[in-house]
Amino acid sequence: MKIICIGRNYINHAKELNNPVPTEPVFFCKPDTAILPKKNPFVYPGFSKDIHHEVEIVVRINRLGKHIEEKFAHKYYNEIGIGVDFTARDVQQQCKEKGLPWEKAKAFDGSAPVSPFIDISKFNDLNNLNFSLQVNGETRQSGNTGDMIFNIDRIIAYVSQFFTLKIGDLIFTGTPEGVSPVQIHDKIDCFIEDQKLLSFSVK
Ligand code: MG
């Protein structure tokens, strides 16, 4: 199983990090060891002093595919969830400055908490979904999938030009603005519409 993450997929988030708005999807991967096991806390890693939450809608692939046409992309998933793309912003900044890959900052153990997955028939329109993240009960990030630069089907078409998508692969679809640091003892809750789907603490 692999985890593919889309970067800079919301204009206001690209701007808050002073990144250019992309003309084609930017993506990177996390290994399966990045998944935070159920009921575990997120353990603040010792190599960073600036861990940021990035709440994202996550798509679960349910069919093998390569070179998927955008018009057929909807046949390759039937569940979505919500996840956090934890990022060591200080380490990422050092990597960016040196022109090095981001894996140290993005792909470490536990850096991808993800909720249970829900059948997409439960939602009216995947291109108009509200989602949010709270820290200690206070909303820090809220977004709507309608603001994605590249929607789910476009992402699948693009990524599958490079990677064969396999059953169980996850795609993190990008984060809206409002990323901010977390601290030890914080409680994180993530919602799609009004439904709390993911909850964990920082230890
Ligand atoms: Mg992200």
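Read the numbers this way: they start at 1 and go in the same order the structure lists the ligands and their atoms.
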Is a salt bridge present between [X] and [Y], judged by a nitrogen-to-oxygen distance below 4.0 Å?
X    : Y    : result
D85  : K30  : yes
E16  : R8   : no
D189 : K196 : yes
D169 : K2   : yes

Strictly under 6.0 Å, is that where the ring centroids of F163 and Y158 end up?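 No, the ring centres sit 6.0 Å or more apart.
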
Determine whether the aromatic ring centres of F86 and F42 lie less than 6.0 Å apart. yes

The Mg ion (ligand 1) neighbourhood, protein N/O/S only, threshold under 2.8 Å: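 The answer is E54 OE1, E56 OE2, D85 OD2.
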
